[in-house]
Amino acid sequence: MEYVKVAVEENGEHEFPSGVPLVEVGEKISPKVTRKAVAAQVDGEVVDLNTPLYQSCRVGFVPFEEEDGAKVYWHTTSHVLAQAVKRLYPGARLGIGPPIKNGFYYDFHFPEPISSDDLELIEKEMEKIVQEDLNIEKLVMDKEEALEHFRSQGEAYKQELVEEMQEGESISFYRQGEFMDLCTGPHLPSTGLVKAFKLTSLAGAYWRGSEKNPMLQRIYGVSFPSPKELKKHLQLMEEAKKRDHRRLGKELDLFSLQEEGPGFPFFHPNGMVVWNELEDFWRREHRNAGYQEIKTPLLLNSSLWRRSGHWDHYRENMYFTSIDEQDYAVKPMNCPGAMLVYLSNMYSYRDFPIRIAELGQVHRHELSGTLHGLMRVRSFIQDDAHIFMLPGQVEEETAGIIELIDRFYRIFGFSYEVELSTRPEKSMGSQEMWDRATSILKNVLEDKNISYRINEGDGAFYGPKIDFHLQDCLDRTWQCGTVQLDFQMPEKFDLTYVGQDGAKHRPVIIHRVVYGAMERFMALLIEHFAGAFPPWLAPLQAVVLPLTDRQHSAAGEVVERLKVQEGFRVEGDYRNEKLGYKIREAQLKKIPYMLVIGEKEEETGQVALRQRGKGDLGPVELDYFTGKLRREIEEKIII
RNA sequence: GCUCACGUAGCUCAGGGGUCAGAGCGUAUCCUUGGUAAGGAUAAGGUCACCGGUUCAAAUCCGGUCGUGAGCUCCA
């Protein structure tokens, strides 16, 4: 008999007969780990637990708790889903069914569209498949066999996938009972191991992600090794929804969305406080970083948009109107306006870099189905800036912007992801320009040791860009900051400067935003803080609570002092309610501080301080409180 | 834009071919003057998103429009 040497992680080297299934190796050497394993690893590659070993190798076992393990678990659950669907709807055609960040999905073409009520029925069938505890086995076919299989089953989508595979490639399948699916795996050894699952939603999804293709129905789900974990996960999702900015926006009276203006948000007084603080902070920081501010018109003649390229590349997103029989467009971007400002002067190379910022309101016609609270709207204010510079200044300027963005995000306590987006299909300019611009951005990121993902073909039509993404309450990411290099606009607008040689030269432009869109950034802030803003942003920083109406005048004096003399955002709650009621209300409004004034405080001149989330802090001198609050505001401390 | 779901009082939601449309919270008035997350009473509030159809009768069933949600596509 032949033997293979198996090195098991942390457990030395052992010999087994050739062809031994991995799971047996595990059971002999580390039974505890193996019992929890959902897959194995052979020389770093994740494989099925029952994979036989024919060569000496290093193995490990992967539990559900590891990302790779969860992926296997969810992937198998998606196969159980597909099997259930095929049993209940034999005419359904299979799309694809991968694991994703928080679960899995499977795409189907149903003969008659199903509705979300049908998910329950499918869950019941899935339960049966789990009860049957079907063995899951891997098999391999060549391309011809695979094609024949799907052709005979009428699985047109699967057939399409196989057709695109290499001739002679061996194609792997997984079978469980009567159900067989094209799949690279790996999978759990049997369906009985799927202990707890839930189908969470039903949605449409284009076949292979292209709107030119038919729309399939996508069923989303999630699963766990125990009902307890599933329940916990679902509870976490519920908790996360409480941080939804649309909900908090209503509860805290920050903003509203009205039927009369889909995608055009209304900001209420509380929301405007946050907004203005964000703008004030932004202006201060940009002044310090050497920016100047401009403002350009919302409506501009169509000739400008033809010149800028927006007419050709961005028209379907623009709004139009006419003035005195001339065509005008509502600006979808601020850059052309900024170009006109640049053109109104002559510049020397000595003037560069020139940093011109604009909190500019843009309107874009986004598809109705994409609108989402403040995150995705049809009118928003970009904290834009256009930097005009010599070609040799690009790297330094880019680095400076990245540092600025990092400083901003850190103050709010955001962590972020970076993407480098390259040339899209619809774009202008030569390939050399694009290559040069892209490699400059890449160099800066690498110099600064920033890890980033490449987003192929997602650049702006005039240049490549570095994007900064933030996460919302459900871990969905949204693009906020962006740095875009542009060699096109200077050409289009014939921008020049006078060089050392006295001749005219072409400057380079960087477009950039830090917040991105004020609306989106605010939405993310609301979710990030769950509505409990740090004092510098909070619409109300403190509320003064008189215990009875005998303290109203004392409370009024404290409010007066804090509000008028110290400049804090403070109100008194003079309603005829008990203290507990007022405290509860202030707590729900997420006001950072509550100052209680009763008989005792009236006598001592102190206030009983209560901090949101921390509870009663006892009596303090008013001066102590003003000092504390002032410091927290100035240093933008997150409490 | 596409797929599925939803739209009832300021908010959160119940109800559902036939009394007069329901609750809690909030609001107003009155009572209560209370020490750290809801004191009590009374009252006001709705063309059941909009338009059409079916029916003796529609908030309820059907169709369309608008809006919203999840997702796809697209994007800050």
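Chain A is the first sequence line, chain B the second, and so forth, proteins listed ahead of strands; every chain is numbered from 1.
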Let me check something: any side-chain donor-acceptor pairs from residues 515-522 of chain A under 3.5 Å, sequence neighbours excluded? List them with distances.
from   : atom 1 : to     : atom 2 : distance (Å)
A:Y515 : OH     : A:L278 : O      : 2.9
A:E519 : OE1    : A:I381 : N      : 2.9
A:E519 : OE2    : A:I381 : N      : 3.4
A:R520 : NE     : A:M375 : O      : 2.9
A:R520 : NH1    : A:Q479 : O      : 2.6
A:R520 : NH2    : A:M375 : O      : 3.1

List the atom pairs, donor and acceptor, that lie under 3.5 Å between side-chain atoms in residues 197-207 of chain A and the rest of the protein, sequence neighbours left out.
from   : atom 1 : to     : atom 2 : distance (Å)
A:T200 : OG1    : A:Y220 : O      : 3.3
A:W207 : NE1    : A:E160 : OE1    : 3.2
A:W207 : NE1    : A:E160 : OE2    : 3.3

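By the 30° and 60° cut-offs, the orientation of the rings of A:F108 relative to A:F110 is tilted. Ring pair A:F461/A:H313 is parallel by interplanar angle, where below 30° counts as parallel and above 60° as perpendicular. Ring geometry for A:Y416 against A:Y409 counts as perpendicular: the plane angle is over 60°, on a 0 to 90° scale with 30° as the lower cut. A:H372 and A:H245 have tilted rings, their planes meeting at an angle from 30° to 60° on a 0 to 90° scale. Between A:H511 and A:H386, the ring planes lie perpendicular to each other; the angle is over 60°, past the 30° to 60° tilted range.
Regarding contacts with the backbone of B:rG1, a side-chain N or O of A:S368 is found under 4.0 angstrom from either OP1 or OP2. For the pair A:H372 and B:rA70, the criterion of a side-chain N or O lying under 4.0 Å from OP1 or OP2 is met. Note on A:K212: every side-chain N or O is 4.0 Å or more away from OP1 and OP2 of B:rU73.
Annotation: cation-pi geometry not satisfied between A:R93 and A:Y157 (NZ/CZ under 6.0 angstrom from ring centroid, within 45° of ring axis).
Aromatic pair A:F266/A:F255: ring centres not closer than 6.0 Å.
Nucleic acid contact for A:V596: base, since at least one base atom lies under 4.0 Å from a heavy atom of the residue. Counting non-hydrogen atoms under 4.0 angstrom, A:G204 reaches a base of the nucleic acid. Counting any heavy atom pair closer than 4.0 Å across all strands shown, A:V377 reaches a base atom. Residue A:D458 is in sugar-phosphate contact alone, with no base atom involved, counting any heavy-atom pair closer than 4.0 Å across all strands shown. The residue A:R512 sits apart from the nucleic acid: no heavy atom pair falls under 4.0 Å. Across all strands shown, A:R218 has heavy atoms under 4.0 Å from sugar-phosphate atoms exclusively, and none from any base. Among the protein residues, A:A205 comes within range of the sugar-phosphate backbone only, with heavy atoms under 4.0 Å from sugar or phosphate atoms but none that close to a base. Contact annotation for A:M518: no contact, since no heavy-atom pair falls under 4.0 Å across all strands. Counting any heavy atom pair closer than 4.0 Å across all strands shown, A:G481 reaches no nucleic acid atom. Within the 4.0 angstrom heavy-atom criterion, no nucleotide atom of any strand lies near A:K241. Residue contacts for A:S201: at a heavy-atom cut-off of 4.0 Å it reaches the sugar-phosphate backbone alone, with no base atom in range. Counting non-hydrogen atoms under 4.0 angstrom, A:F521 reaches nothing in the nucleic acid.
The shortest heavy-atom contact between A:W74 and A:P99 is CB-CB, 4.0 Å.
Applying the 90° criterion around 0 to the glycosidic angle, B:rG39 comes out anti.
Taking atom CZ on A:R378 and atom P on B:rA76, their separation rounds to 16 Å, with Å as the unit. We find that CG of A:L371 is positioned 13 Å from C1' of B:rC66, with the value rounded to whole Å. Look at CG on A:L119: it is 11 Å from C1' on B:rA5, rounded to the nearest Å. Between the P atom of B:rG69 and the CZ atom of A:R376 lies a distance of 13 Å, rounded to the nearest Å. As a whole-Å value, the separation of A:M237 CE from B:rG69 C1' is 14 Å. Counting to the nearest Å, the P atom of B:rA76 and the CD atom of A:Q479 are 5 Å from each other. Between A:L374 atom CG and B:rG69 atom P the separation is 11 Å, expressed in whole Å. If you measure from atom NE2 of A:H109 to atom C1' of B:rC72, you get 16 Å, rounded to the nearest angstrom.
With B:rG71, B:rG7, B:rC74 as the candidates, the nucleotide lying closest to the side chain of A:T370 is B:rC74. Picking from B:rG67, B:rG35, B:rA37 the nucleotide with the shortest atom distance to the side chain of A:L588 gives B:rA37. For A:L547, taking side-chain heavy atoms from C-beta onward, the closest of the listed nucleotides B:rG34, B:rG35, B:rA76 is B:rG35. In the set B:rA76, B:rU73, B:rU33, the nucleotide with an atom closest to the side chain of A:E366 is B:rA76. Looking at the side chain of A:R476, the nearest of the listed nucleotides B:rU36, B:rG71, B:rC4 is B:rG71. Side-chain atoms of A:L367 lie closest to B:rU73 of the nucleotides B:rU73, B:rU33, B:rA76.
Applying the 6.0 Å contact sphere to NZ of A:K231 captures no more than 12 heavy atoms from other residues, nucleotides or ligands.
Taking the salt bridge (charged side-chain N to carboxylate O under 4.0 Å, His left out) definition, one finds that A:E211 meets it with nothing, sequence neighbours left out.
For the P atoms, the distance from B:rC48 to B:rC11 is 16 Å, rounded to whole Å. B:rC56 and B:rG17 have their C1' atoms separated by 12 Å, given to the nearest Å.
For A:E601 against B:rG35, a side-chain-to-base donor-acceptor contact under 3.5 Å is present. Counting distance only, with no hydrogens placed and no angle test, the side-chain atoms of A:R520 and the base atoms of B:rC75 include a donor-acceptor pair under 3.5 Å. Residue-to-nucleotide contacts include no donor-acceptor pair under 3.5 Å from the side chain of A:R364 to the base of B:rC75. Looking at A:Y206, its side chain has no donor and acceptor atom pair within 3.5 Å of the base of B:rG71. One cannot find a donor-acceptor pair under 3.5 Å joining the base of B:rU33 and the side-chain atoms of A:R550.
The stretch residues 578-587 of chain A comes close to RNA chain B through A:K578, A:L579, A:G580, A:Y581, A:I583, A:R584, A:Q587, each having a heavy atom under 4.0 Å from the strand. In the region residues 242-258 of chain A, proximity to RNA chain B at under 4.0 angstrom, judged on heavy atoms, holds for A:R246, A:K250.
Where pairing requires Watson-Crick or G-U contacts shorter than 3.5 Å, the helical stems of RNA chain B with at least three consecutive pairs are B:1-7 with B:66-72, B:10-13 with B:22-25, B:27-31 with B:39-43, B:49-53 with B:61-65.
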*Mind running ring pair (Phe, Tyr, Trp, His ring centres under 6.0 Å) on A:H552 and A:Y574 for me, showing each step along the way?*
CA-CA 7 Å; A:H552 280 194; A:Y574 304 111; 5.2 Å; yes

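At distances below 3.5 Å, not a single donor-acceptor pair connects side-chain atoms of A:E557 with backbone N or O atoms of A:A554.
Nearest-nucleotide assignment on RNA chain B puts the 5′-proximal partner with A:R575, out of A:R575 and A:L609.
A salt bridge is absent between A:R610 and A:D616; no separation between the charged side-chain nitrogens and carboxylate oxygens falls under 4.0 Å.
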